[in-house]
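First up is the structure itself, then whatever we jot down about it.
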Amino acid sequence: MTNSAGKPRILFVCTVNRMRSATAHKIYENDERFEVDSAGTDRTANVVLEEWHLEWADAVVVMEKQHRNKIRERFPHWYEKKPIVCLYIEDIYDYMQPELIVLLREKFEAVLSRGLLR
């Protein structure tokens with residue numbers, strides 16, 4: 001579950017890839033533990049989730065259950081093959097909002113510490 005550098009690849013997913021997943025991507029982009037990318041499930045997303053994102057990722061972190069459901073509907077093959085964890089962060093925050101950063105760090109670090117991305 002790692003790339004050639006030995007780091008796991010984490011894909012953050014929300015609806016339009018402008019607030020939650022984009023913030024997660026930004027705050028973890030220089031983290032030495034893994035590589036990150038982000039995408040959105042809506043066709044109007046900054047970066048629209050495509051099959052190659054799921055192929056690239058070792059694990060997927062979604063913000064709401066609806067994102068996991070959309071992955072299951074559109075990419076059933078990858079849904080079955082990849083660990084997908086939901087952080088349960090609703091769409092009420094702005095990009096890089098301090099409260100969102102705190103929430104993302106708390107919830108994502110808890111997921112990591114509990115070994116849920118394996």
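The model shown is predicted, which means the values in this text are computed figures rather than measured ones. Count residues from 1 along the sequence.
Contact detail for Met63 and Cys14: the closest heavy-atom pair is CG-CB, 3.7 Å. Leu100 and Ile89 get closest at one heavy-atom pair: CD1-CG2, 4.0 Å.
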Please test Val13 against Val60 for side chain to side chain contact (heavy atoms under 4.5 Å, CB included), starting from the C-alpha separation and ending with a verdict. CA-CA 7 Å; Val13 176; Val60 181; 3.9 Å; yes

Given Ile84 and Ile71, is the side chain to side chain contact (heavy atoms under 4.5 Å, CB included) satisfied, shown in steps? CA-CA 9 Å; Ile84 301 174; Ile71 292 170; 3.9 Å; yes

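Surrounding CZ of Arg33 are more than 12 heavy atoms belonging to other residues, nucleotides or ligands, all under 6.0 Å away. Remark: Lys26 NZ is loosely packed, at most 12 non-hydrogen atoms of other residues, nucleotides or ligands lying under 6.0 Å away.
Ser38 and Asn17 form a side-chain donor-acceptor contact under 3.5 Å, judged by distance and modelled atom types alone. For the residue pair Trp78 and Glu55, no side-chain donor N or O sits within less than 3.5 Å of a side-chain acceptor on the partner.
Side chain of Lys82 to main chain of Leu54: a donor-acceptor pair is present (N/O by atom type, distance under 3.5 Å, no hydrogens or angles). With hydrogens and angles disregarded, no donor-acceptor distance shorter than 3.5 Å links the side chain of His53 to the backbone of Ala39. A distance-only check finds no donor-acceptor pair linking the side chain of Thr23 to the backbone of Tyr95 [under 3.5 Å]. Using a distance-only test at 3.5 Å, with no hydrogens or angles considered, a donor-acceptor pair links the side chain of Lys107 to the main chain of Leu87.
In this structure, Val36 is a member of the same hydrophobic cluster as Met19, with clusters built from ILVMFWY side-chain heavy atoms closer than 4.5 Å. By the rule that hydrophobic residues join a cluster once side-chain heavy atoms approach within less than 4.5 Å of another member, Val85 and Ile10 end up as members of one cluster. In terms of hydrophobic clustering, with Ile, Leu, Val, Met, Phe, Trp and Tyr side chains grouped at heavy-atom distances under 4.5 Å, Ile101 and Phe12 are assigned to a common cluster. Linking Ile, Leu, Val, Met, Phe, Trp and Tyr residues whenever their side-chain heavy atoms come within less than 4.5 Å leaves Phe108 and Val62 in two separate clusters. Each of Val16 and Tyr93 belongs to its own hydrophobic cluster when Ile, Leu, Val, Met, Phe, Trp and Tyr are linked at side-chain heavy-atom distances under 4.5 angstrom.
In this structure, Phe34 and Tyr28 have tilted ring planes: the angle between them lies in the 30° to 60° band.
A salt bridge does not link Lys70 with Glu73: none of the charged nitrogens is closer than 4.0 Å to a carboxylate oxygen. Taking a cutoff of 4.0 Å between a charged side-chain nitrogen and a carboxylate oxygen, Glu90 and Arg20 do not qualify as a salt bridge. Looking at Glu50 and Arg74, no side-chain N of the basic residue comes within less than 4.0 Å of a carboxylate O on the acidic one, giving no salt bridge.
For the pair Glu35 and Asp58, the minimum side-chain heavy-atom distance is 4.5 Å or more.
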